[in-house]
Amino acid sequence: MKLLITGGSGQLALALDRRFSRANSGHTVVRLSRAELDISSRSDCQRIANEIRPDVVLNCAAYTAVDRAESDADAAFAINAAGAGFIAEAARSVNARMVHFSTDYVFDGTSERPYVETDTCAPLGVYGASKLAGETAVFEADPSAVVLRLSWVYSNDGANFYKTMLRLGSERPELRVVADQQGIPNFTGELADAVATLVAANSEKHKQQRGLYHLSAAGVTNWHAFASEIVARAKLKQPPAVTAIATRDFPTPAKRPAMSALNSARFAEAFAWQPPNWISGLDRCLAERGTSA
Ligand SMILES: NC(=O)c1ccc[n+]([C@@H]2O[C@H](COP(=O)([O-])OP(=O)(O)OC[C@H]3O[C@@H](n4cnc5c(N)ncnc54)[C@H](OP(=O)(O)O)[C@@H]3O)[C@@H](O)[C@H]2O)c1
């Protein structure tokens, strides 16, 4: 199978490439960076689709700077909404299966249990609103698309909370981390395994498997507890103290949901997949870095 991965320099794209490029996988991966394919260009999306003729498109391209998006809404919507629609349209035109990634930040965080796909969306910021508009654009362009909502993604690539905690944790005696935002951290390697399950799924069932899914590990936590586990399991030489603070003590331009855990039961049922506990993803990520407990 030939897979086209957009947003190719991002952390999820890199993990998907590693997963699908494994020896004897039988897949050919074409991973294109933003410089090679800017998804906000409708004509470029179509040209690349015509040239590559993929069987599957994995759209990892996104404007992911949550705080910057508050003052840069046009760019966020051009990529996360319009661009997502353009790449879905191009995928459909060459009969490729479209897989798009969305976010837990489509929710306002008032739920008392992990969110399911049918829960009402009410994004608190521009990023979430642009991603929600992207889901609509993708389904309008390609009703057979699969949209996977993810949460709290981290890896040893790029910039993310896990890497920031490891860096600051080796520089500072104390880390102050918010404890009143709940969610589920997800290692890109585990997400890539789940996407591989989806891609391998019987194509005759493809039509029933289209639609919106939450894809996440299990086990709700908060940023402070996540940071504490990172520091403990990384076995830093001089581990910092990890102090719990409140969101109001760490003001950011974008408001974040107080609870954004995702319930993956629908994905698990459709693709015969078992959500791992988020701690196993952290151990795996640290092991890949070479310092796991
Ligand atoms: N990270 C999270 O915690 C999280 C949580 C929930 C959902 N998600 C979703 O998961 C997906 C993957 O996220 P990620 O964590 O891998 O993000 P990431 O590391 O920021 O990667 C996104 C990539 O998209 C590229 N990009 C930006 N604009 C583009 C454009 N117009 N055309 C083509 N590429 C473009 C970026 O390139 P430049 O760096 O060169 O701009 C970057 O390499 C996204 O859809 C995101 O919304 C992420």
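Note that the structure is predicted; figures quoted are calculated from it, not measured. Read the numbers this way: they start at 1 and go in the same order the structure lists the ligands and their atoms.
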Ligand 1 to [X] polar contact by distance, N or O atoms, under 3.5 Å:
X: Thr64; value: yes
X: Leu150; value: no
X: Lys131; value: yes
X: Asp104; value: no
X: Ala13; value: no
X: Asn59; value: no
X: Ser33; value: no

Could you tell me how the ring of Phe161 sits relative to the ring of Phe226: parallel (under 30°), tilted (30 to 60°) or perpendicular (over 60°)? parallel
Pro54 vs Leu3 side-chain heavy atoms within contact, under 4.5 Å: no
Checking ring pair (Phe, Tyr, Trp, His ring centres under 6.0 Å) between Trp152 and each of Trp278, Tyr105, Tyr162, Trp223, which is the one that passes?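 Answer to the ring pair (Phe, Tyr, Trp, His ring centres under 6.0 Å) test with Trp152 among Trp278, Tyr105, Tyr162, Trp223: Trp223.
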Are Val147 and Val106 connected in the hydrophobic side-chain network, where two residues link if heavy atoms are under 4.5 Å apart? no
Identify the closest protein heavy atom to atom 33 (C) of ligand 1: which residue and atom is it, and at what distance? Leu37 O, 3.2 Å
Any heavy atom of Tyr154 sitting closer than 4.0 Å to ligand 1?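 The answer is no, since Tyr154 has no heavy atom less than 4.0 Å from ligand 1.
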Run the contact test for Ser102 against ligand 1 with a 4.0 Å cut-off on heavy atoms, strictly below, and give the result. yes
State the atoms of ligand 1, each with its element, that fall below the 4.0 Å cut-off from a heavy-atom position in Thr103. 6 (C), 7 (C)
Under 3.5 Å donor-acceptor, Ser25 side chain and Ser21 backbone: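 Side chain of Ser25 to backbone of Ser21: no pair is present.
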Answer yes or no for Arg284 and Phe187: cation-pi contact, defined as NZ/CZ to six-membered ring centre under 6.0 Å and angle to ring axis within 45°. no
